[in-house]
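Each remark here refers to the structure printed beneath this line.
A quick note: this is a predicted structure, and the numbers were derived from the prediction, not measured.
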Amino acid sequence: MANHIVATGRNSVHVLEKTNDAQVPEATMATRWTGSGWQSLDALPVDEGNAANVDGAGRLWIAGWSGGNRHSALSRWTGTKWATEALPADVTEHSEMSTVLGISGVPGTKGVFAAGTAGCRSDPVMCGVLVSRDLR
């Protein structure tokens with residue numbers, strides 16, 4: 001089941017999905033259309049992808065939960081593997097869980113903004129979250 005389809009350039013489309021394998025419900029896969037055929041990528045580093053997009057340089061990003069963690073993680077495809085990092089502690093240390101719901105690239109940079117929700121001190125139910133990566 002395709003969760004996200006992201007064009008990363010001319011003749012380059014990534015399909016990120018969760019498999020329909022009942023024996024391994026958390027199994028994921030990623031493939032890339034190269035313009036002439038499909039190329040398999042490493043399995044997604046998250047059990048459930050909530051958001052996906054490209055940065056200003058055309059690099060693929062995905063956000064989601066992994067390994068029972070109640071906070072989203074951000075992952076970037078390097079061309080050979082997934083580079084994954086947790087959300088900043090100031091987002092996660094005071095909340096029970098967080099979710100990234102959208103990712104947007106910043107034109108002219110390798111950066112992204114990620115937006116979502118998390119619990120917070122003033123309202124433990126929900127506050128907005130805005131995180132940036134690689135904006136230099």
Determine whether Val46 and Ile62 make a side-chain contact, defined as any pair of heavy atoms from C-beta on separated by less than 4.5 Å.
yes

Enumerate the residue pairs fulfilling ring pair (Phe, Tyr, Trp, His ring centres under 6.0 Å) with a member in residues 63-87, sequence neighbours excluded, ordered by first and then second residue.
Trp77-Trp82

Enter the distance from Gln39:CD to Thr34:OG1 here, rounded to the nearest 0.5 Å.
7.0 Å

Heavy-atom closest pair, residues Val13 and Trp38
O-CZ3, 4.3 Å

Backbone N/O of Val100 and side chain of Ser72: donor-acceptor pair under 3.5 Å
yes

Under 3.5 Å, is there a donor-acceptor pair between the side chain of Asn53 and the main chain of Ile103?
yes

Heavy atoms only: give me the nearest Leu44-Ala30 pair and the separation to one decimal.
CD2-CB, 3.8 Å

Beyond-backbone contact of Val131 with Pro88, side-chain heavy atoms, under 4.5 angstrom
yes

Hey, what do you get for CG (Asp134) to OG1 (Thr109), rounding to the nearest 0.5 Å?
8.0 Å

Can you list the steps and then say if Met97 with Thr117 is a side chain to side chain contact (heavy atoms under 4.5 Å, CB included)?
CA-CA 9 Å; Met97 64 182 296; Thr117 61; over 6 Å; no

Are the side chain of His4 and the backbone of Gly49 linked by a donor-acceptor contact shorter than 3.5 Å?
yes

All heavy atoms of Ala7 vs all of Val54, minimum pair found to be O-CG1, 3.7 Å

Mark yes or no for whether Thr78, through its side chain, and Thr80, through its backbone, hold a donor-acceptor pair below 3.5 Å.
yes

Heavy-atom check, side chain of Val112 versus side chain of Val106, under 4.5 Å
no

So, taking the atom named CG in Leu16 and the one named CG in Leu60, what distance separates them when rounded to the nearest 0.5 Å?
5.5 Å

If every non-hydrogen atom of Ser98 is compared with every non-hydrogen atom of Ala118, which pair is closest and at what distance?
CB-CB, 3.7 Å

Donor on one side chain, acceptor on other, Asn11 and Trp33, under 3.5 Å:
no

Check whether any side-chain N or O of Arg32 sits under 3.5 Å from a backbone N or O of Ser40 as a donor-acceptor pair, and report yes or no.
no

At their closest point, which heavy atom of Trp61 faces which heavy atom of Lys110, and how far apart are they?
CZ2-O, 4.3 Å

What is the minimum heavy-atom distance between Gly64 and Asn50, and which atoms define it?
CA-ND2, 3.9 Å

Walk me through whether Leu74 and Arg133 qualify under side chain to side chain contact (heavy atoms under 4.5 Å, CB included).
CA-CA 9 Å; Leu74 289 169; Arg133 289 289 177 263; 3.9 Å; yes

Is a salt bridge present between Glu85 and Arg76, judged by a nitrogen-to-oxygen distance below 4.0 Å?
no

